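Worksheet: the structure to be examined is printed underneath.
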Amino acid sequence: MNIKHLYSLLALVPLCATADITTDKIYADHMVLQRGQEIPISGTCTGTDTLTVSFNGNTVTATVSDNRWTATLPPMKANAKGQSITITQGNDKLVLQDVLVGEVWIASGQSNMLWRLNQTGDTNSLRETATPHFRFFHSEPQVHTNAAAYGQREKDILNKGEMYKGSWSANTQQTRARMSAVGYYFGRELQKCLKVPVGVIHASLGGSEMMAWIPPAVLQEKYPECTTKEWLDSKYMSAWVRGRARRNIGADLNAPHPYKPAYLFETGISPWLNFPVAGVIWYQGESDAEIQDMEQNYTLLSDLIAGWRSALGNPKLPFLQVELPRINDRSKLRAYWPEFRTVQQRAAFKIPGVDALTTIDLGSKNSDVHPPRKLEVGTRLANLAAAKVYGKKIPYSGPVVAKVVPKGEKLRVYLGMAKKLKTTDGQPPAGFEISEDGQNFHPATAKIKGCSVELTAPQVNKPTYARYGWYTYMEPNLVNEHGLPTVPYAPEQP
């Protein structure tokens, strides 16, 4: 049996069962169903009688074939009252309890999305009382990519495609500790804002590159060279990814590995392909940013987004990215973070329904790739979703460069998303550079002029180009009236 067939079978493993009826594991007690969309629900059965599914005042008849059943519940309004789904066939009955209807999001990416709530030191959130209208499905990775050779346990798990284990959980002190911190804060704050139930489905893995999350159909069509045993030698694998994977699997490049193209999509996302969701939050890029190829990374990101939208059945599915933050690390591994932020912004600008969240002020002041301030990241993501997806009038962005106007020896940068500009430390704005040719930039002296910034530099007589935040590490201080940081900016290459 090939690994693709194993993945398909894994999606059918029941979490809830009677003697004769099961549901696929993604359907369980405490889940949240997406409001306003038809809801497929499926499983297995052994009988031949008519099978019905009842929920929220609806009763529908399932299609049964080869011991598989599938039913579709009609679109429903949000419902914060926990209700039961009752599945009946003859004398057999299966009941899923405490099911809500609201908004469902997928949270995915690499280690900064995986970073658990109990790793943040946020004891207040760990100890807060249960919030009954926020639920989550935390997919716990069963194999990581530590710098050591895999033993038989890891090899068996990966060969079986059993990369993740998890279930739907109500939000309690006992269940939230290992949940993704960013996913948790996002869901909690979005639920408070929308005042409807919210569910967050989390599946991520530390160090994972985009190629591991590319759907297999996209892989076969656009990246066939990554379907062979030479996948690790492809230009899409960074030196860090290549080194870590070789350390894990040695010379057996046919062996499955979490970073193998499409592997994480098939094990972490494929089980959810028939489960309607409202959108995706995505925190990833640290591994791909090692490669200084903006066109390659933009193409990968675009294909990933398009592939997810196609696989999840929604060509307009909102996709909210967390931009790479700052990091005080001068190594080659982090050298091209400014370029990758530009890739993320370009996707947000060019692809409808895609946005990028600036966190340049929240990154590490040292070389730690895991910034500690996950609360602000999750909260800003919730505000971004509330504003851009749900139409709430809520601040969601810092100042954004709108236009750059040369004025002799000076350059004026006009910023949108701000009624007022100020600095957090009372000093002139930091992080601006100017250039005559768009290639050679020099640090600029900046002065706030209303909702614009005037720039000069002694080395530049006739400045034409400006950029902002083009640093791996910086101490940003320019914010709008809401205290949100200015979005990094770079001009198109002349």
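Everything numeric here is computed off the predicted structure, so don't read it as measured data.
The structure places CD of Gln37 at 12.5 Å from OG1 of Thr72, a figure rounded to the nearest 0.5 Å. Atom OG1 of Thr172 sits about 11.0 Å away from atom CD of Glu128, to the nearest 0.5 Å. Atom OG1 in Thr267 sits 15.5 Å away from atom NZ in Lys160 (nearest 0.5 Å). The CG atom of Leu304 sits 9.5 Å away from atom CG of Asp288, with the distance rounded to the nearest 0.5 Å. Atom CG of Leu205 sits about 4.5 Å away from atom CE of Met163, to the nearest 0.5 Å.
Looking at residues two or more places apart in sequence or on another chain, you find no ring pair (Phe, Tyr, Trp, His ring centres under 6.0 Å) involving Tyr283. Partners of Tyr259 by ring pair (Phe, Tyr, Trp, His ring centres under 6.0 Å), not counting sequence neighbours, listed by chain and number: His257. Asp122 is linked by a side chain to side chain contact (heavy atoms under 4.5 Å, CB included) to Thr120, Asn124, Ser125, Tyr185, counting only residues two or more places apart in sequence or in another chain.
With hydrogens and angles left out, the side-chain atoms of Ser42 and Asp24 include a donor and acceptor closer than 3.5 Å. Ser108 and His202 form no side-chain donor-acceptor contact under 3.5 Å, judged by distance and modelled atom types alone. Counted by atom type alone, Tyr396 and Arg380 present zero donor-acceptor pairs between their side chains at under 3.5 Å. Judged by distance alone, the side chains of Asn383 and Lys392 never bring a donor and an acceptor atom under 3.5 Å apart.
In this structure a side-chain-to-backbone donor-acceptor pair under 3.5 Å is present from Asn297 to Ile291. With hydrogens and angles disregarded, no donor-acceptor distance shorter than 3.5 Å links the side chain of Arg35 to the backbone of Met76. The backbone N or O of Ala28 lies less than 3.5 Å from no partner atom in the side chain of Trp168, so there is not a single donor-acceptor pair. No donor-acceptor pair under 3.5 Å is formed between the side chain of Asn146 and the backbone N or O of Ala148. No donor-acceptor pair under 3.5 Å is formed between the side chain of Ser169 and the backbone N or O of Thr175. Side-chain atoms of Arg116 never come within 3.5 Å of backbone atoms of Met179 as a donor-acceptor pair (strictly under, hydrogens ignored).
Between Trp272 and Trp308, the gap from one ring centroid to the other reaches at least 6.0 Å.
Tyr223 and Tyr236 have perpendicular rings, their planes meeting at more than 60° on a 0 to 90° scale where under 30° would count as parallel.
A salt bridge links Arg246 to Asp233: one of the charged nitrogens lies within less than 4.0 Å of a carboxylate oxygen. A salt bridge links Arg178 to Glu140: one of the charged nitrogens lies within less than 4.0 Å of a carboxylate oxygen.
A cation-pi arrangement, defined by a distance under 6.0 Å to the six-membered ring centre and an angle within 45 degrees of its axis, is absent between Arg188 and Phe134.
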Notebook entry, point to check: Yes or no on salt bridge (Lys or Arg N to Asp or Glu O under 4.0 Å) for Asp361 and Arg373, after CA distance, side-chain angles and deciding distance?
Noted result: CA-CA 10 Å; Asp361 58 325; Arg373 296 168 63 179; 5.1 Å; no

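The number of heavy atoms from other shown groups lying within 6.0 Å of CZ (Arg153) is above 12.
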